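One structure is given below, encoded as structure tokens.
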Amino acid sequence: MNWEILGIWLGALLTLSLYSFLYRDNPFYKFTEHLFVGMSAGYWVIYNIFNVLRPNLWDRLTGAGEAGPDLWMIIPAVFGVFMILRLVPKVASLSRFALAMIVGTGAGLSLVTTLQTNALAQVEGTILSVTGGGLSEFLDSFLLVAGVVCGLVYFFFSKAHRGVIGGAAGIGITILMIAFGASFGYTVMARISLLIGQAQFLLFRWLPTIPLFRGLAG
Amino acid sequence: MRLFGLLALALAAGPAAQPAGPPGTGPVAYGQAAADSMPSPPPAPSVTGLAARDVRDDAGGAIELSWELVPGVTADSLLVSRSADGGTWETVAFLPGAEVVFTDEGLEDGVEYSYTVTSLLGGAASQPAGPVSAVPSAQWLHSKRTGMLIILVLLSGVIFWFIDQGRKGRKLYIREIAGLSAVDDAVGRATEMGRSVLYIPGIMGMDDIQTIASMIILGRVAGKTAEYGADLQVPVCNSVVMSVGQEIVKEAYLAAGRPDSYRRDNVFYLTDDQFGYAAGVDGIMVRQRPAAIFMLGTFYAESLILAETGKSVGAIQIAGTAMPSQLPFFIAACDYTLIGEELFAASAYLSREPKLLGSLKGQDAAKLIIMLVIVVGVLAASIGTWWAPAASLADFLRRILHVE
């Protein structure tokens with residue numbers, strides 16, 4: 001049996017089954033969807049066991065390798081057990097400790113990175129001179145600064161969008177929409193290239209194998 | 001031939017750990033092996049000024065070695081050796097001859113480590129440079145992020161002040177946000193049509209700030225579905241998000257006085273896989289035909305797939321994300337879209353709790369400060385092109401905003 005050809009046919013049939021959704025929901029799409037969801041869920045379970053749970057918890061806790069057992073790992077291990085205890089209704093509420101730890105840690109860590117990348121770095125990049133160049137440089141810099149300030153005014157929730165604030169917010173959202181339009185076109189082009197890649201797979205890898213099957217049947 | 005020489009040296013050296021040689025003659029056996037096969041004395045090292053120091057602003061366990069190259073002499077390779085007790089030496093790195101820095105990681109804090117660097121020149125090992133010593137340690141504070149700490153403390157102070165004001169009963173005004181005003185209408189519509197409400201909290205985990213914001217809004221939406229008696233479906237792609245979602249929906253149903261209507265299985269896991277999740281949610285949309293769809297959280301390439309399918313089944317769609325590349329798709333395909341900051345404002349807007357409103361007002365104050373800094377900074381930078389003090393002010397502002 002030629003496994004490569006079998007793989008190509010499997011890929012092509014599953015691709016066509018997924019594309020059939022463009023017409024309407026149908027048994028082929030349902031089958032492929034359930035296969036996709038089920039297989040990927042199973043894959044991620046195994047992935048998490050071998051790439052997250054084992055190296056980050058089990059190996060450290062048991063001292064696998066050169067290092068000795070890291071007893072601090074008992075704390076996350078206990079939290080992990082709390083999460084599993086959600087399956088036991090009487091003690092399911094213990095999982096809230098673990099969830100509180102996850103949400104609190106996540107929010108705390110995100111606070112620094114979000115402020116750094118989404119606020120401070122942007123402000124630093126906006127502090128630039130609007131003079132010192134030609135007219136085009138002036139317009140370029142001025143548009144950037146005015147766009148940022150007006151965009152911030154749009155996201156100012158303490159004042160109604162009326163009068164001067166309304167005007168500035170209007171400019172801000174207009175600039176945002178222009179940026180979104182450019183981003184839309186750019187991303188659609190990227191998606192089209194993905195579609196072309198899959199179409200090439202069907203045309204140049206799958207279609208040439210059809211005569212082989214016809215030969216087998218004949 | 002040079003390669004063969006190096007191989008011969010490596011074979012002669014045997015295992016990585018070697019017995020120590022007397023100080024000054026080099027602790028690595030490479031030099032000795034080379035000396036056995038060659039009558040001439042080992043050449044002088046190609047590096048000078050070897051120094052070892054604890055890596056600053058780290059979580060410990062690392063030492064940085066630095067050295068300078070002797071002008072006119074470039075080794076084929078450099079061999080870094082380490083000893084923790086001064087007796088047993090082991091090779092920890094084999095570097096290109098032009099390298100001038102090396103960071104040794106995975107060390108034990110509080111232990112003194114000694115290092116030497118041996119140059120391999122034309123198949124012969126030099127006298128080792130060093131030894132030099134350092135003790136790795138962890139630092140509680142990142143010294144280059146002090147500016148960030150000050151800014152965070154100031155912003156937090158402003159936010160806490162507004163929260164306090166809210167608690168004391170001060171009326172805190174928040175302008176209307178169209179997408180959020182439509183939440184109740186969307187749930188009401190689903191109830192009238194006898195169809196479900198589908199809530200999609202994005203594809204990231206609970207360590208993502210947008211997912212956290214989404215969970216808070218889920219509580220509000222769940223409260224409304226409990227009040228109206230509508231069916232709420234929450235497919236998720238992360239097990240922790242599922243657990244948090246179940247707890248939040250349960251709380252909302254309890255708060256609405258409808259604990260009997262809560263069904264744990266309505267918040268369910270599909271798969272961690274991005275497109276597997278999108279395929280599964282699409283299937284739910286076309287089969288259950290929900291009347292209202294909420295897509296709030298972090299989304300990537302699946303955003304358009306979900307939003308288009310939701311539109312095709314005629315659902316009223318309210319989306320929100322802070323992902324700039326996905327917002328255009330939501331704006332194009334959804335009835336209402338919460339753009340960036342509006343998603344984070346949603347919890348305060350919907351709940352009208354003084355604590356959350358105070359927090360939102362504090363964030364507004366922070367935005368005002370940011371706008372002020374930008375305006376002052378741009379003016380200073382512009383005037384600074386012909387007046388130096390203004391340029392210094394612009395540089396100062398950039399410096400305090402800069403984070404390593």
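These numbers were taken from a predicted model, which means no experiment stands behind them. Sequence lines set the chain letters: A, B, ... in the order given, protein chains first and strands last, and positions in each chain run from 1.
When each of Tyr43(A), Phe21(A), Trp44(A), Tyr29(A) is checked for heavy-atom pairs under 4.5 Å with chain B, Trp44(A) comes out on top. Comparing Val123(A), Leu111(A), Thr32(A) by heavy-atom pairs within less than 4.5 Å of chain B, the highest count is held by Val123(A).
For the pair Asp140(A) (side chain) and Ser136(A) (backbone), a donor-acceptor distance under 3.5 Å is absent. One N or O on the side chain of Ser392(B) and one on the backbone of Ala388(B) form a donor-acceptor pair closer than 3.5 Å.
Proximity to chain B is absent for every atom of Val45(A), based on heavy atoms less than 4.5 angstrom apart. When heavy atoms are compared at a cutoff of 4.5 Å, Ile212(B) approaches chain A solely by way of its side chain, counted from C-beta outward. Of the atoms belonging to Leu304(B), it is side-chain heavy atoms, and not backbone ones, that fall under 4.5 Å from chain A. Contacts of Gln326(B) with chain A are made by side-chain atoms alone, with heavy-atom separations under 4.5 Å and no backbone atom involved. Of the atoms belonging to Ala332(B), it is side-chain heavy atoms, and not backbone ones, that fall under 4.5 Å from chain A. When heavy atoms are compared at a cutoff of 4.5 Å, Ile102(A) approaches chain B by way of both its backbone and its side chain. In this structure, no portion of Leu149(B) lies under 4.5 Å from any heavy atom of chain A. In this structure, chain A has a heavy atom under 4.5 Å from the side chain of Leu155(B), while its backbone stays farther away. In this structure, chain A has heavy atoms under 4.5 Å from both the backbone and the side chain of Ser243(B). Heavy atoms closer than 4.5 Å to chain A are found in the side chain of Tyr269(B), but not in its backbone. For Leu357(B), no part lies near chain A; criterion is any non-hydrogen pair under 4.5 Å. The contact between Ser158(A) and chain B is made by backbone and side chain atoms together, counting heavy-atom distances below 4.5 Å. Contacts of Thr309(B) with chain A are made by side-chain atoms alone, with heavy-atom separations under 4.5 Å and no backbone atom involved. Contacts between Ile173(A) and chain B at a heavy-atom distance below 4.5 Å involve the side chain alone, from C-beta outward. For chain B, no part of Met39(A) is nearby; none of its heavy atoms comes within less than 4.5 Å. Residue contact with chain B, scored on non-hydrogen atoms closer than 4.5 Å, involves the backbone and the side chain of Lys30(A) alike. In this structure, chain A has a heavy atom under 4.5 Å from the side chain of Ile331(B), while its backbone stays farther away.
Salt-bridge formation is detected for the pair Glu341(B)/Lys367(B): a Lys NZ or Arg NE/NH1/NH2 atom is positioned less than 4.0 Å from an Asp or Glu carboxylate oxygen.
Figure legend: Arg175(B) and Tyr154(A) shown as a cation-pi pair, the cationic atom lying under 6.0 angstrom from the six-membered ring centre and within 45 degrees of its axis.
Relative orientation of the Phe157(A) and Phe155(A) rings is perpendicular, given thresholds of 30° and 60° on the angle between their planes.
Closest non-hydrogen pair, Gly179(B) versus Leu338(B), comes out as CA-CD2, 4.0 Å.
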